[in-house]
Protein chains: 2
Amino acid sequence: MSRLRSTILETSLQLFDQHGFHGVTVNQIVAASGTSKGGFYHHFQSKDELLFVIHDTFITYVLKEAGAANVIHTSPTAKIQAVIHSFVKVFDLYKPHISVFYQESNYLKPEYEERIKRKRDEFKDVIFGIIHEGQKSGDFRKELPLEVTAMAVLGMVNWIYKWYQQDGRYSIDEIAEVYIDLILHFLLPGSSDHLIRHMSKVPFFYDIK
Amino acid sequence: MSRLRSTILETSLQLFDQHGFHGVTVNQIVAASGTSKGGFYHHFQSKDELLFVIHDTFITYVLKEAGAANVIHTSPTAKIQAVIHSFVKVFDLYKPHISVFYQESNYLKPEYEERIKRKRDEFKDVIFGIIHEGQKSGDFRKELPLEVTAMAVLGMVNWIYKWYQQDGRYSIDEIAEVYIDLILHFLLPGSSDHLIRHMSKVPFFYDIK
DNA sequence: GATTATAGACCGACTGGTTGGTCTGTATGA
DNA sequence: TCATACAGACCAACCAGTCGGTCTATAATC
């Protein structure tokens, strides 16, 4: 990969993170990258392709990490811990990518959107798969509806990009630990009797034995 | 409020939800609203003000609901259940507002952004307050770091806008029930001994007695 | 009750500035 | 000599916002 291409990618990433995709013009990108229109369009077909490349490098990385963490562990409990840990850590490594990924993905041109969506679904399947496997084996609470639970997990992690800051009070590893603790607390079975007393009503899904 | 103004609001809401703020022109809005440029600018100072109004009506509603649910209950456990329930339900009532709220808020002009941010922080404080109160009283696990836990709660709920669909498999009330169950499972104290055995390491925050 | 005055609601052609993208030219290295 | 890498002037399209003007309804005046 050429030097200038990398520079453009890094620069535009920062600019998009700060001002959003539509808040940054190609002229601003080339100025900040120390190049020209010619340099930009030599490496990218369009501004839209640039947006796609940012999306793709990020989701490709996440997918690879999740896959790796998934295969080297055996039990669902170990898997979910490893995957969540690697996933949370991504927010430290790829913060600007992620901001763009979640904020601007609906501005992807259809053909690009399709390709990103496929990889994103693949990642989602990893999470769904682990939880599903854990429920089947009895490692995780069987009464929980898979889809809702999995989306809750994805949501709490994904939302990190909205508030995490590198110089914040907790390190990314500490945040990962807390999240894993929270997730295991609602995934792993254990006497729920003492909890039911505190609930205003017994949840609809508890009768699924 | 005038008829046309409402029409413009509803129409643009739908359009923004589908194509994003920058994916919709004022001309498209007026065409879809059956009016003209003149009609539009008679009711709104600018396209930016329209964006602000959408943000404001939504966050004002959420804040009011949360406040109400917060005061009529006494224990932290009851409060968190009520607030989460009302919060989750919002995603059924205000789905387009929410999409715009979370997708386009960084395109708000500074003066508008400031006003929205204030209300959003107010809402965040309600959640933080309840969890903090619960930890002090011993209703909730004291070892959990407040900030991280609260953001996890906010994250899992907020993310609903990305996947919830009215005709989906679970109703909004069912989703709320599941979420409350999950949250109570990690907030309420209970023997964690059996969980620790499944964790790859004891979390850093467990020694805070 | 007829006429006039006034205000608010709305219309739509027009504009000034911006933006993504193109095209021709040049430098460099093989 | 040819291909690649980049420069920067230029362009056509687009878009938020403006502005002079119309239409309607209600109020004021006689």
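In what follows, chains carry the letters A, B, and so on, assigned in the order in which the sequence lines appear, proteins first and then strands, with residues in each chain numbered from 1. No hydrogens, no waters, no symmetry mates; every other heavy atom, side chains included, goes into these values.
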For this session: Would you please name every residue forming a side chain to side chain donor-acceptor pair (under 3.5 Å) with B:Gln166, sequence neighbours left out?
Result: B:Asp92
Exercise. A:Glu114: what forms a salt bridge (Lys or Arg N to Asp or Glu O under 4.0 Å) with it, not counting sequence neighbours?
Worked result: A:Arg118
Set out, line by line, the N/O atom pairs under 3.5 Å between protein and nucleotides 10-17 of chain D.
unit_1 : atom_1 : unit_2  : atom_2 : d
D:dA16 : OP1    : B:Lys47 : NZ     : 3.1
D:dA16 : OP2    : B:Val26 : N      : 2.9
D:dA16 : N7     : B:Lys37 : NZ     : 3.4
D:dG17 : OP2    : B:Tyr41 : OH     : 3.1
D:dG17 : OP2    : B:Lys47 : N      : 2.9
D:dG17 : N7     : B:Lys37 : NZ     : 2.8
D:dG17 : O6     : B:Lys37 : NZ     : 2.4

For this session: Report the residues that fulfil ring-ring contact (aromatic ring centres under 6.0 Å, His included) with A:Tyr170, sequence neighbours left out, ordered by chain and then residue number.
Result: none
Problem set entry | A:Tyr161: ring-ring contact (aromatic ring centres under 6.0 Å, His included) partners, not counting sequence neighbours | A:Tyr102
Problem set entry | Residues in contact with DNA chain C, drawn from residues 99-116 of chain A - heavy-atom cutoff 4.0 Å | none
Exercise. Tell me, do B:Ile183 and A:Phe186 make a side-chain contact under 4.5 Å, heavy atoms counted?
Worked result: no
Seminar exercise, completed: Across all chains, not counting sequence neighbours, the side-chain contact (heavy atoms from CB on, under 4.5 Å) partners of B:His43 are B:Ser2, B:Leu4, B:Arg5
For this session: Please step through ring pair (Phe, Tyr, Trp, His ring centres under 6.0 Å) for the pair A:Tyr164 and A:Phe91, ending with a clear verdict.
Result: CA-CA 8 Å; A:Tyr164 172 69; A:Phe91 287 78; 8.1 Å; no
Seminar exercise, completed: Contacts of A:His85 meeting side-chain contact (heavy atoms from CB on, under 4.5 Å) (sequence neighbours excluded), chain-then-number -> A:Lys89, A:Asp173, A:Ala176, A:Ile180
Exercise. Under the side chain to side chain donor-acceptor pair (under 3.5 Å) test, which residues partner B:Gln135, sequence neighbours left out?
Worked result: none
Problem set entry | Pairs where residues 32-61 of chain B contributes a residue and the test salt bridge (Lys or Arg N to Asp or Glu O under 4.0 Å) is met, not counting sequence neighbours | B:Asp48-B:Lys109, B:Asp56-B:Lys119
Exercise. Between D:dC6 atom P and A:Phe44 atom CZ, what is the distance in whole Å?
Worked result: 11 Å
Exercise. Which class fits the ring pair B:His22 and B:Tyr107: parallel under 30°, tilted 30 to 60°, perpendicular over 60°?
Worked result: perpendicular
For this session: Report yes if the side chains of B:Val153 and A:Trp159 come closer than 4.5 Å at any heavy-atom pair, otherwise no.
Result: no
Tabulate protein N/O versus nucleotide N/O from nucleotides 8-10 of chain C, keeping only pairs under 3.5 Å, one per line.
unit_1 : atom_1 : unit_2  : atom_2 : d
C:dA9  : OP2    : B:His42 : NE2    : 2.7
C:dA9  : O5'    : B:His42 : NE2    : 3.3
C:dC10 : OP2    : B:His43 : NE2    : 2.6

For this session: Kindly indicate whether the side chain of B:Phe16, heavy atoms from C-beta on, has any atom under 4.5 Å from the side chain of B:Ile29.
Result: yes
Problem set entry | Close residues, residues 51-58 of chain A, relative to DNA chain C [heavy-atom separation under 4.0 Å] | none
For this session: Report the distance from atom CD1 of B:Ile29 to atom C1' of C:dG12, rounded to the nearest whole Å.
Result: 17 Å
